[in-house]
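This report concerns only the one structure given below.
As the structure lists them, so they are numbered: ligands from 1, and atoms in each ligand from 1.
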Amino acid sequence: MHPITVTSPLLPELEKLREMMQDIWDKKWVTNLGEYHEQLEARLAQYLGVKYLSLYTNGTIPLISALQALDIREGEVITTPFSFVATSHAIWWNGLTPVFADVRESDGNLDPERIEAAITPRTRAILPVHVYGNPCDTEAIGAIALKHGLKVIYDAAHAFGVRVNGKSLLEEGDISTLSFHATKVFNTLEGGAIVCNSAEMKRKLDYLRNFGFEDEVTVVGPGINGKMDEVRAAVGLLNLQQVDRAIAARKSVAERYRKALRGIPGLRVLEDLPGVQHNYAYFPVFIDEKTYGRSRDEVYAAMKAQGVFGRRYFYPLISSFGPYAALPSASAENLPVAHKIAEQVLCLPMHHALSEEDVQRVLDCLTK
Ligand SMILES: *Cc1c(COP(=O)(O)O)cnc(C)c1O
């Protein structure tokens, strides 16, 4: 039986890509804000319903640059342990101290009460993640930031296209960052973007992604190389044409999973939220060993033996990794809920190309 992977990249038809690559080769403009780059940047802003978007080379440099753009040069940044490790690395790369706060059991997102409890005189910013594309409590987080004079950067790597009451989730906070890595809902092989709220901030981010160059002879700040090349921009333009279909396919997989798993004792699935346009980026199941009868790791291993590859997103917690484990906020006592869900979570295969038989094979691993 063929292996069923947790994710599978959305890829354009090779013929169409070949035509665009021929065009790039003919023009001999292969990177540095070329024609396809500019087109993709504009079309993404339009598709996502945001005003200001800067295309980047991946989803990690935007996190690093966002802290730079907001002039956060020292102190602490409150963040979540329940994410991909890049979230905390971006804080570390800026010489700042990550402070971990606990998450909510309901959706794995930062708990606003725990954010507020973690604030000290050294706190400068909050860096939450919309885990699995489910919106954080942006209203509560915004109110805390306002009250304490903090910046908010959302790691929206999972939240491509998510809308709340018709409005893009990506316009919350001061800055949101996106990843277009091959494993994400929308990809450019490697890639990413920053969404911000003003033309002035976009200008700053555009400098930052190009070494700080304002023009040929002027460098306005210590920028980095965050540019996307023309070939990946072409992949993005083609993938943008098929991303709605891919999300619809993911949605029908999510609906089949939920229908089959909802109500099984010891299994918890996340439901769609009222007013939210979801992207079905991931399908996490939380396994309570006592009630279900098998541990998450037993299920994970049994699935693997059947050629079904789930992923334990996010286990281990970022706070358990080498660079962070010694921080006071990384202690298990500070993060009880994050530890609990990290032990329970298993993300089932979720992508646009799963067949009905694939979905059934995944379900058989959990229901038989
Ligand atoms: C994928 C991901 C990133 C990193 O994005 P890259 O494009 O791989 O650099 C950051 N944060 C989260 C939550 C992610 O899932």
Side-chain angles (χ1 to χ4, degrees), residues 6-10 40 44 53-68 77-94 98 100-101 103 107-110 125-136 138 152-162 169-170 172-173 175-195 205 208-209 224-229 232-233 235-236 239 250 278-284 310-319 321 323-324 338 341-342 345 347 350-351:
V6 72
T7 185
S8 175
L10 184 64
L40 180 60
L44 274 172
L53 180 143
S54 294
L55 209 49
Y56 267 75
T57 190
N58 59 40
T60 301
I61 300 285
L63 287 165
I64 295 172
S65 295
L67 288 158
Q68 295 264 324
V77 178
I78 297 172
T79 191
T80 173
F82 193 68
S83 177
F84 182 60
V85 70
T87 312
S88 288
H89 282 352
I91 298 169
W92 200 266
W93 271 76
N94 276 289
F100 298 108
V103 299
D107 60 4
N109 284 331
L110 271 177
I126 310 170
L127 176 41
V129 179
H130 300 298
V131 183
Y132 312 129
N134 287 315
C136 290
T138 55
V152 181
I153 298 163
Y154 284 106
D155 180 342
H158 300 179
F160 182 87
V162 174
L169 178 62
L170 305 171
E172 296 293 336
I175 282 179
S176 290
T177 66
L178 288 162
S179 165
F180 305 148
H181 184 254
T183 54
K184 307 298 207 268
V185 170
F186 167 81
N187 84 86
T188 57
L189 312 181
E190 295 268 1
I194 298 190
V195 173
L205 291 164
L208 280 173
R209 91 178 154 194
I224 197 161
N225 184 357
K227 296 184 271 69
M228 180 182 283
D229 61 79
R232 287 185 294 148
V235 171
N239 274 345
R250 286 168 174 274
H278 291 274
N279 65 3
Y280 308 94
Y282 298 85
F283 195 91
R311 285 298 290 269
R312 290 166 288 186
Y313 291 140
F314 292 99
Y315 166 87
L317 295 173
I318 301 176
S319 47
F321 289 132
Y324 308 111
I341 64 175
V345 73
C347 283
M350 170 52 83
H351 55 82

**Message:** Could you check whether Ser179 and His181, counting side-chain N and O atoms only, form a donor-acceptor pair closer than 3.5 Å?
**Reply:** no

Nearest heavy-atom neighbours spanning [X] and [Y]:
{"X": "Val152", "Y": "Pro128", "value": "CG1-CD, 4.2 Å"}
{"X": "Val195", "Y": "Leu170", "value": "CG1-O, 3.4 Å"}
{"X": "Val77", "Y": "Leu67", "value": "CG2-CD2, 4.2 Å"}

Among all protein heavy atoms, pick the one closest to [atom] and tell me residue, atom and distance.
{"atom": "atom 10 (C) of ligand 1", "value": "Asp155 OD2, 3.6 Å"}
{"atom": "atom 5 (O) of ligand 1", "value": "Ser179 OG, 3.2 Å"}
{"atom": "atom 15 (O) of ligand 1", "value": "His158 NE2, 2.8 Å"}
{"atom": "atom 3 (C) of ligand 1", "value": "Phe84 CD2, 3.7 Å"}
{"atom": "atom 9 (O) of ligand 1", "value": "Thr60 OG1, 2.6 Å"}

For ligand 1, which atoms have a heavy atom of [X] less than 4.0 angstrom away?
{"X": "Ala157", "value": "2 (C), 11 (N), 12 (C), 13 (C), 14 (C), 15 (O)"}
{"X": "Gly191", "value": "7 (O)"}
{"X": "Lys184", "value": "1 (C), 2 (C), 14 (C), 15 (O)"}
{"X": "Ser83", "value": "13 (C)"}

**Prompt:** So how far is it from Asn279 CG to Phe186 CZ, rounded to the nearest 0.5 Å?
**Reply:**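 If we round to the nearest 0.5 Å, Asn279:CG and Phe186:CZ are 13.0 Å apart.
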
**Prompt:** Does an N or O from Gly59, backbone or side chain, lie closer than 3.5 Å to an N or O of ligand 1?
**Reply:** yes

**Request:** Dump the intermediate steps for ring pair (Phe, Tyr, Trp, His ring centres under 6.0 Å) on His158 and Phe84, then the final yes or no.
**Result:** CA-CA 10 Å; His158 300 179; Phe84 182 60; 8.8 Å; no

**Asked** Hey, do the aromatic rings of Tyr282 and Tyr313 have their centres closer than 6.0 Å?
**Response**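 Here the rings of Tyr313 and Tyr282 have centres that are less than 6.0 Å from each other.
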
